[in-house]
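In what follows, every heavy atom counts, from backbone to side chain, and hydrogens, waters and symmetry copies are set aside. Owing to the predicted nature of the structure, the values given are computational and were not obtained by experimental measurement.
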Amino acid sequence: MNMNTSFFLGSGNLLLQSLTASDAALLAPHLESVELPLRCPLVVADHPITHVYFPGHGLASVTARTHSGSRSDVALFGRDGMSGVAVVLGSDSSPFDCAMQIPGAGHRIAVKALRQAMADSPTLRARLLAYAHVAFVQTGFTAVANA
């Protein structure tokens, strides 16, 4: 897919829109438009993450699961974020499930392409790590609210 960086302005995803033109150019050829139906799995706990998703519309939840089968939403994101934060932090999987709770659409990128772009661009890596920090903080406050 070959698109110019003006694509990001119409993507609906605020994280993609916040990228510099050069970082957007690194990602654009690798992004694929996707529909994100209700309950569409974005990350399956303890399985390899193959793609990172950037919703433009809809809402996804990150869910923790106990050994006894109890489940609790620990984070939510929509057009402000991305799935697969574990990938940004260097992991190949996550202990959490992530699925669409309100259907929508967005874009996805293969993990290999995202990691190469992060290796090529310190500013992209910094932007995605900053998002990972925000996701971590949100998870903490969600845990406090659930308690």
The test is side-chain contact (heavy atoms from CB on, under 4.5 Å); show your working for Phe54 and Ile109 and say whether it passes. CA-CA 9 Å; Phe54 298 89; Ile109 187 170; 3.9 Å; yes
Evaluate side-chain contact (heavy atoms from CB on, under 4.5 Å) for Val34 paired with His51, printing each intermediate quantity in order. CA-CA 11 Å; Val34 291; His51 292 84; over 6 Å; no
Decide yes or no on side-chain contact (heavy atoms from CB on, under 4.5 Å) for Leu16 and Leu31, but give the supporting numbers first. CA-CA 11 Å; Leu16 290 177; Leu31 284 168; 4.2 Å; yes
Could you walk me through whether Phe96 and Val43 pass the side-chain contact (heavy atoms from CB on, under 4.5 Å) test, one step at a time? CA-CA 7 Å; Phe96 306 119; Val43 174; over 6 Å; no
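Here the rule is side-chain contact (heavy atoms from CB on, under 4.5 Å) with Val52, and of Leu128, Leu114, Leu42 only Leu114 fits it.
Note on Leu59 and Met82: separate hydrophobic clusters, where clusters join Ile, Leu, Val, Met, Phe, Trp and Tyr whose side-chain heavy atoms are under 4.5 Å apart, directly or indirectly.
To the nearest 0.5 Å, atom CD of residue Gln138 and atom CG of residue Leu76 are 6.0 Å apart. Note that the NE2 atom of His107 and the CG atom of Leu27 stand 11.5 Å from one another [nearest 0.5 Å]. Separation of atoms NE2 (His47) and CG (Asp97) is listed at 9.5 Å; rounding is to 0.5 Å.
Inter-residue side-chain proximity for Val88 and Leu129 is flagged as met; some heavy-atom pair is nearer than 4.5 Å. Inter-residue side-chain proximity for Asp73 and Val62 is flagged as unmet; no heavy-atom pair is nearer than 4.5 Å.
Within 6.0 Å of the CZ atom in Arg108, the count of heavy atoms belonging to other residues, nucleotides or ligands exceeds 12. Crowding of Arg127 atom CZ: a count of heavy atoms from other residues, nucleotides or ligands under 6.0 Å not exceeding 12.
For Arg65 and Asp46, the salt-bridge test fails: no basic side-chain N is under 4.0 Å from an acidic carboxylate O.
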